[in-house]
J.: 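Sharing a structure with you now.
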Amino acid sequence: MMSDTIFQTLHIINKTSSHSDLYTDCFKTLLPGDAILLIEGAVYSACGQQVCDLLKQQVPLYALNIDIQARGLTQRIHSQVISIDDDTFVSLTCQYKKSISWF
Amino acid sequence: MKREQLLSLLDDEGYLLDLSSWSKPLAMQLAELDNFQLTEQHWEVIEIVREFYQTYELSPAMRPLVKAMANKYGPQKGKSIYLMKLFSDSPPKQAARYAGMPKPLNCL
Amino acid sequence: MIFSLLIYASQNSGQAEQTALRFSRSALSQGHKIHRVFFYGETVSAISNLKITPRDEIDITRQWLELAASDNLDLVVCIAAAVRRGVLDQQECDRHNRVAANLVAGFNLSGLGQLADAILSSDRLLTFGN
Amino acid sequence: MANKNLLLIFRNPPFSDSSNRDTLDIALACSAFEIPVSLLFLGDGVLQLIRGQQSKTLQQKNLLNTFNALAMYDIDQLFVLQSDLQRFELIAADLSIDCQLICETQMAKLIRQSDRIINL
């Protein structure tokens, strides 16, 4: 039971939420056991009200810390978003069966 | 046509530089360059390659070439072993050269 | 874990290549293997000796080469994408009768079969694009 | 190991950038390596398949002709979202190649069942 619901697909998004099609297409493909990782420009989506749509997806939400810092967003990241470093990025891609990049 | 003149029409892998310059006599000269004799069976394959390109804007790799042969000439000739026996090089490549078509992409 | 990377980005827009490079360094430092880095699409335009990087900016192509030298990376550039964008090795230069080859030494031109092989030979395929 | 399947996603309209051509080339190459390939046309990607495109008016090759070759490469797992068709006021008969119309739940399953995904 558990193995069926954990660590399936890691969805990596790298664009801001202005690319709304990208986000809606990604959301349509989510299943329990998936996770979302925000990198590059997508880390803005982890801030303020924007994060609501992502949190509604009820999957773990990660964001790349180096990109958060680069954009001056350290204080703005929502508390439910897990900030990770590059090493954890690599570990996540190992834990999840596969990744899909949305760009 | 002299050998040098013929070679000047080809790239260094033997494919025609100007696809529109192809003709049956030219195909025969290209085969002669390889000391290769084109028979009726070879012409069937060359024709298939040309039709395939006209339909799909793409030179066929092995699998689709076999399929196209089977569709037109039946299961006996729609086999890779049949094509392998017919040609000395990779069948899709050699047939595309004589057919005056571009080199098939990603051909093994 | 064996990784392969597919890079599909332009060096002049976005940071996909930087992210891929950092990912590679991190993966290698954790003891993972990188089977191949496959450069495809617009990415290949910048793998040229004719490119001049301003002195106060980082040349990411050089950084790939440094990583390749220290960790034996297989850097493959899609031949169809490269030739179409005017990035030629000596063989393609001769074949098409052009004045000079400009592919950066250390990168190899090859076909999409190398990507297919990377898919079959790796535990994970990561795409970095923009 | 060798039986990994690959899902390729088309998300761009015709004549936009080279991603459609590039993705199609990956499909053809992987089929030569006996990798089972499925194609998903998502969002604007479905516009690529509209029947009757006359690319010659733009002096371009018609990618649709090459899409038609997929069956010859034994690539016959093609998927389109029913909701995308509706959004563009299209019906299945408007598409020049046979695709399976699926709902969003089926699409999520398709992604889950795929071992590798390339989404250019």
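To find a chain, count down the sequence lines: A is the first, B the second, and so on, and within it residues start at 1. Since this is a predicted model, take the numbers as computed values, not measurements.
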J.: Output the distance between atom CG (D:Asp17) and atom OG (C:Ser10), rounded to the nearest 0.5 Å.
T.: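 Nearest 0.5 Å value for the CG-OG distance: 11.5 Å.
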J.: Has D:Arg87 got more than 12 heavy atoms of other residues, nucleotides or ligands less than 6.0 Å from its CZ?
T.: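 Result for CZ/D:Arg87: enclosed.
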J.: Would you say CZ of C:Arg95 has more than 12 non-hydrogen atoms from neighbouring residues, nucleotides or ligands within 6.0 angstrom?
T.: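 Yes, CZ of C:Arg95 has more than 12 neighbouring heavy atoms, counting only those of other groups under 6.0 Å.
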J.: Just wondering, are more than 12 heavy atoms of other shown residues or ligands nearer than 6.0 Å to NZ in D:Lys61?
T.: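 Yes, because the 6.0 Å sphere around NZ of D:Lys61 holds more than 12 heavy atoms from other groups.
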J.: For a 4.5 angstrom cut-off between non-hydrogen side-chain atoms, does D:Ser18 reach C:Tyr40?
T.: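 A side-chain contact under 4.5 Å is absent here.
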J.: Search all heavy atoms of C:Leu112 against all heavy atoms of D:Ala29 and return the closest pair with its distance.
T.: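 Of all heavy-atom pairs spanning C:Leu112 and D:Ala29, the closest is CB-CB, 3.6 Å.
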J.: When rounded to the nearest 0.5 angstrom, what is the spacing between CG in C:Leu125 and CZ in D:Arg116?
T.: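 Here the interatomic distance stands at 7.0 Å.
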J.: Using a 3.5 Å distance criterion without hydrogens, assess whether the side chain of D:Lys4 forms a donor-acceptor pair with backbone atoms of C:Ser122.
T.: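 Yes; judged by distance alone, with no hydrogens or angles, the pair exists.
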J.: Using a cut-off of 6.0 Å, state whether more than 12 heavy atoms not belonging to C:Ile58 lie near its atom CD1.
T.: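 Counting other residues, nucleotides and ligands, CD1 of C:Ile58 stays at 12 neighbours or fewer.
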J.: I'd like to verify something: which residue of C:Thr127, C:Leu115, C:Ile119 has the highest number of heavy-atom pairs under 4.5 Å with chain D?
T.: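 Looking at each of C:Thr127, C:Leu115, C:Ile119 in turn, C:Ile119 comes out on top.
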J.: So how far is it from C:Leu120 CG to D:Cys30 SG, rounded to the nearest 0.5 Å?
T.: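 If I round to the nearest 0.5 Å, the distance is 7.5 Å.
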